[in-house]
K.L.:
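Would you mind keeping the following structure in view while I ask a few things?
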Amino acid sequence: MGVDLAADSEFFVRFWGVRGSIACPGPDTVRYGGNTSCLEIRCGGELLIFDAGTGLRNLGRAIDGNGSTDADLFFTHTHLDHINGLPFFSSAFNPKNCFRFWAGHLKPERSLRDDICSLMTAPLFPVPIEIFNADITYHDFTVNEVLRPKPGVVLRTAPLNHPNNATGYRIEYAGKSICYVTDTEHVIGQPDQTVLKLIADADIVIYDSTYTDEEFPRYVRWGHSTWQECLRLCAAARVKTAVIFHHDPSHDDAAMDRIAAEAARLRPGTVVAREGLVLAP
Ligand SMILES: [Zn+2]
Ligand SMILES: [Zn+2]
């Protein structure tokens with residue numbers, strides 16, 4: 001699949017950040033990328049953003065200068081690696097822009113606005129969220145709700161197995177589907193039925209593949225899964241393309257190459273997410 005061809009299509013995902021836990025720029029991660037989670041999904045020109053990790057900064061730089069932007073930003077959850085690009089999202093400072101921020105993991109105890117306010121509070125951060133000049137509204141939904149942010153775009157949501165909760169998304173447009181399932185932990189030998197239902201027969205599934213199966217026993221209850229579990233779930237759910245995502249910061253490019261080769265051997269067509277990659281269903 002040619003990157004530029006995919007970018008021309010109506011429905012595609014572009015990866016701006018593919019790392020889990022903490023950004024890890026440097027010569028050893030330059031090919032796969034060091035920024036934390038951020039996806040751009042286009043549905044017939046409409047912009048949907050998923051997560052506000054450090055990758056969001058470059059997404060903002062890319063969309064600024066294209067006139068005004070009207071977009072929806074969906075958070076899987078509000079752990080730092082999924083929100084800490086937000087204060088550096090230049091598009092949020094442009095009064096011509098309009099954003100709707102969405103989260104499904106906080107209601108009723110907390111709200112998305114509360115969590116972002118907690119991030120942007122002195123002395124942790126010098127200015128509060130009121131510094132954003134764009135028209136921004138905050139929407140807390142209840143996980144499992146079906147969202148219809150734009151005409152023809154359907155988002156199905158499901159709860160993930162993660163400390164402090166997280167939301168998995170299935171984006172459906174023009175008869176195709178892209179699923180975004182991070183952060184989540186599996187139980188060895190027990191395929192997650194909630195995830196299987198969310199990703200059933202999907203075209204593209206982007207899944208929390210932080211660890212290898214060999215590493216996993218050391219990280220039980222940290223809230224993450226493995227690339228092998230990604231492949232097992234995608235096989236069981238008849239998914240077309242499995243995408244390994246949320247790479248552990250300790251996995252340098254050489255380690256990711258080894259994972260990519262092994263994954264391609266086990267399941268040809270498997271993709272390892274890297275910054276700048278564009279995939280169309
Ligand atoms: Zn994460
Ligand atoms: Zn997390």
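Each ligand, and each atom within it, is numbered from 1 in the order the structure gives.
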K.L.:
Looking at His79, which of its N, O or S atoms is the nearest one to the Zn ion (ligand 2)?
P.N.:
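Closest N, O or S atom of His79 to the Zn ion (ligand 2): ND1.
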K.L.:
With a 4.0 Å cut-off on N to O distance, would you call Arg232 and Asp213 a salt bridge?
P.N.:
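So Arg232 pairs with Asp213 through a salt bridge.
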K.L.:
Suppose we only allow N, O or S atoms; which atom of His246 ends up nearest to the Zn ion (ligand 1)?
P.N.:
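Sorting the N, O and S atoms of His246 by distance to the Zn ion (ligand 1) puts NE2 first.
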K.L.:
Do the charged groups of Arg110 and Asp115 touch, with an N to O distance under 4.0 Å?
P.N.:
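Salt bridge: yes.
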K.L.:
May I have the step-by-step check of side-chain hydrogen bond (donor to acceptor under 3.5 Å, both in side chains) for Ser37 and Asp51, ending in yes or no?
P.N.:
CA-CA 6 Å; Ser37 302; Asp51 280 334; 4.7 Å; no
K.L.:
Closer than 2.8 Å to the Zn ion (ligand 1), do we get an N, O or S atom from His82, backbone or side chain?
P.N.:
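Of the N, O and S atoms in His82, at least one lies under 2.8 Å from the Zn ion (ligand 1), which means yes.
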K.L.:
What atom name does the N, O or S atom of Asp183 nearest to the Zn ion (ligand 1) carry?
P.N.:
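Sorting the N, O and S atoms of Asp183 by distance to the Zn ion (ligand 1) puts OD2 first.
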K.L.:
Mind telling me whether Phe15 and Phe245 have parallel, tilted or perpendicular rings, with 30° and 60° as the class edges?
P.N.:
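The arrangement is tilted - the two ring planes meet at 30° to 60°.
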K.L.:
Do you know which N/O/S atom name in Asp81 is closest to the Zn ion (ligand 1)?
P.N.:
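Checking each N, O and S atom of Asp81, the shortest distance to the Zn ion (ligand 1) belongs to OD2.
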K.L.:
Classify the ring geometry between Tyr211 and Trp222 as parallel (under 30°), tilted (30 to 60°) or perpendicular (over 60°).
P.N.:
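Plane angle over 60°, so perpendicular.
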K.L.:
Which is the closest N/O/S atom of His77 when seen from the Zn ion (ligand 2)?
P.N.:
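Of all N, O or S atoms in His77, the Zn ion (ligand 2) lies closest to NE2.
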